[in-house]
Protein chains: 2
Amino acid sequence: MDKPLESLIVDSILDAIADQRLPAGTKLGEQALSEVFGCNRAHVRRALSMLTGWQVVDHLPNRGAYVATPTPRDARDVFQARRAIETTICRNAVREATDADLDDLRAHLASEDAARGHDNRPALIRLSRGFHILLARIGRNPVLARYLDELTMRSSLIIGLYASGHATLCAEDEHAGIVAAIAARDEGAALALLDAHLRHIEAGIRFDDAPPAVGALSAALRVPR
Amino acid sequence: MDKPLESLIVDSILDAIADQRLPAGTKLGEQALSEVFGCNRAHVRRALSMLTGWQVVDHLPNRGAYVATPTPRDARDVFQARRAIETTICRNAVREATDADLDDLRAHLASEDAARGHDNRPALIRLSRGFHILLARIGRNPVLARYLDELTMRSSLIIGLYASGHATLCAEDEHAGIVAAIAARDEGAALALLDAHLRHIEAGIRFDDAPPAVGALSAALRVPR
DNA sequence: CTAACATTGATTGTTAACAATCAATAATCA
DNA sequence: TGATTATTGATTGTTAACAATCAATGTTAG
């Protein structure tokens with residue numbers, strides 16, 4: 001058992017960032033968090049210092065912790081890193097995917113379709129990220145999977161900042177093409193489709209509209225007690 | 001000014017790991033560290049939780065923090081991740097390197113030669129890692145550079161564990177070839193040489209000899225007060 | 001009316017004392 | 001003798017109180 005107190009706080013905040021419920025720039029006050037999670041301030045403090053390691057929380061001395069606000073520069077670097085890492089992940093997935101993995105992928109596509117059908121945007125955001133996470137799990141390299149976790153989280157912040165209004169956010173069904181290529185063990189096609197997909201996402205961000213919309217904290221964090 | 005107290009502890013431990021002064025499995029006791037750094041135990045505690053984010057310190061509840069001991073599986077994944085990331089870094093370096101950068105690279109090669117000439121193994125370990133870090137800086141993608149930082153540190157632990165005795169550790173002058181290719185703006189050659197270099201390092205590790213040699217703490221950490 | 005300044009409230013940083021847990025030693029019993 | 005069980009010392013975990021810092025409000029002079 002790994003004392004799930006700090007981990008709970010960390011995971012809750014990471015989830016909230018990934019789901020775009022916690023926008024960039026939100027202040028993460030120690031007292032506020034300790035009330036939300038019903039715990040000591042020291043725990044919050046430890047959780048926040050762990051979160052700085054995920055590059056999604058900035059810590060300003062004597063001023064507190066804030067959800068990171070990636071710059072356009074950061075956005076470019078993050079997406080380049082994603083292409084570098086997801087290329088290898090995808091190559092692994094083409095090689096390693098079992099029949100059960102392919103079933104998981106197809107089930108995931110079905111969930112995405114359902115969410116799209118119901119115009120369920122929050123679910124679509126979560127599933128859209130989940131597809132890449134699933135791919136990383138199938139690739140069976142936890143080191144790369146961990147980095148992708150982090151990069152998709154930063155992507156959520158970037159998209160929330162610079163592409164909030166765009167409907168083109170949720171990548172049509174480019175995911176389906178990638179799954180088909182993996183099922184066919186066609187590495188070249190899979191890599192090409194994935195690269196195009198990532199570039200498509202990146203092309204959807206607009207740096208002219210940068211609304212530093214800071215959201216409320218307690219509304220975004222649901223304490224899963 | 002960013003309160004360099006926790007950062008100092010973190011950096012000192014990271015440096016010690018990178019230089020192979022802190023071997024895998026070493027216990028990082030809170031009291032011991034607070035005495036070494038002459039600070040409060042709470043600071044040590046925060047530093048340790050930051051270090052877990054670097055994947056080089058494992059935290060066992062109620063048992064303390066230990067320098068991570070990568071498994072052979074981890075080793076394979078880490079080196080695959082390095083190839084994925086350094087490939088892109090190298091491509092960037094070929095494109096972005098200025099004349100000043102090339103001078104830095106050549107100066108670095110000279111330092112390596114000097115260290116090799118004096119049989120200065122600690123310096124050679126440090127410089128060997130420094131070459132890849134320098135390449136990452138020239139590539140001008142801080143996101144990738146940060147990941148490479150982490151991966152080279154884990155590589156140090158792996159090499160210390162599984163290739164401690166081998167002299168083949170310090171990559172001859174494969175570095176020189178990479179620098180030449182970058183100077184010639186020959187992307188293909190640079191990528192091929194780098195990939196071969198990384199595979200060569202990985203090939204040098206032997207999983208049969210796994211001595212969990214746990215070292216002393218205070219000897220490895222020098223407090224830079 | 002504007003700008004500089006002082007006060008105040010809230011938030012973060014620091015420290016020390018106490019409680020809980022674990023590992024190793026010592027003791028007991030078969 | 002060998003294994004099991006207490007005991008003990010050390011280490012980690014938790015909490016609360018106090019100090020330092022900052023941002024915002026309100027005040028005063030120019």
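Order of the sequence lines sets the chain letters (A, B, ...), proteins ahead of strands, with each chain counted from 1.
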Nearest-angstrom distance from the residue atom [atom1] of [X] to [atom2] of [N]:
X     : N      : atom1 : atom2 : answer
B:E30 : C:dA16 : CD    : P     : 16 Å
B:L5  : C:dG13 : CG    : P     : 12 Å
B:L28 : D:dT11 : CG    : P     : 14 Å
A:L33 : C:dT11 : CG    : C1'   : 13 Å
B:L48 : D:dT11 : CG    : P     : 15 Å
A:Y66 : C:dT12 : OH    : P     : 8 Å
B:E6  : C:dT14 : CD    : C1'   : 10 Å
B:Q31 : D:dT12 : CD    : P     : 8 Å

*Scan A:L157, A:I158, A:L161 and name whichever one has a side chain to side chain contact (heavy atoms under 4.5 Å, CB included) with A:T69.*
A:L161
Check the phosphate of [N] against [X], side-chain N and O only, distance under 4.0 Å to OP1 or OP2. Yes or no?
X     : N      : answer
A:K27 : C:dA10 : no
B:N40 : C:dT15 : yes
B:H59 : D:dG13 : yes
A:R45 : C:dT12 : no

_Aromatic plane relationship, B:F207 with B:Y162 - under 30° parallel, 30 to 60° tilted, over 60° perpendicular_ = perpendicular
What are the atom names and distances for every N/O pair under 3.5 Å that joins the protein to nucleotides 22-25 of chain D?
from   : atom 1 : to    : atom 2 : distance (Å)
D:dA23 : OP1    : A:R63 : NE     : 2.3
D:dA23 : OP1    : A:R63 : NH1    : 3.4
D:dA23 : OP1    : A:R63 : NH2    : 3.3

*Is the distance between the ring centroids of A:H197 and A:H132 less than 6.0 Å?*
yes
*Could you tell me, to 10°, how much the axis swings from one end of the helix from C:dC1-D:dG30 to C:dA30-D:dT1 to the other, five pairs per end?*
0°
*When you look at B:S12 and B:D15, which way does the side-chain hydrogen bond (donor to acceptor under 3.5 Å, both in side chains) test go after all the steps?*
CA-CA 5 Å; B:S12 292; B:D15 275 354; over 6 Å; no
*Do the non-hydrogen side-chain atoms of A:D77 and B:L144 ever get within less than 4.5 Å of each other?*
no
*Taking only the side-chain heavy atoms of B:R41 (C-beta and beyond), determine which of C:dT12, D:dT12, D:dT15 contains the nearest atom.*
D:dT12
*Any salt bridge between B:D101 and B:R140, counting N to O under 4.0 Å?*
yes
_Quick test of your reading: applying side chain to side chain donor-acceptor pair (under 3.5 Å), list the pairs with at least one residue in residues 53-65 of chain B, sequence neighbours left out, ordered by first then second residue._
A:R146-B:Q55
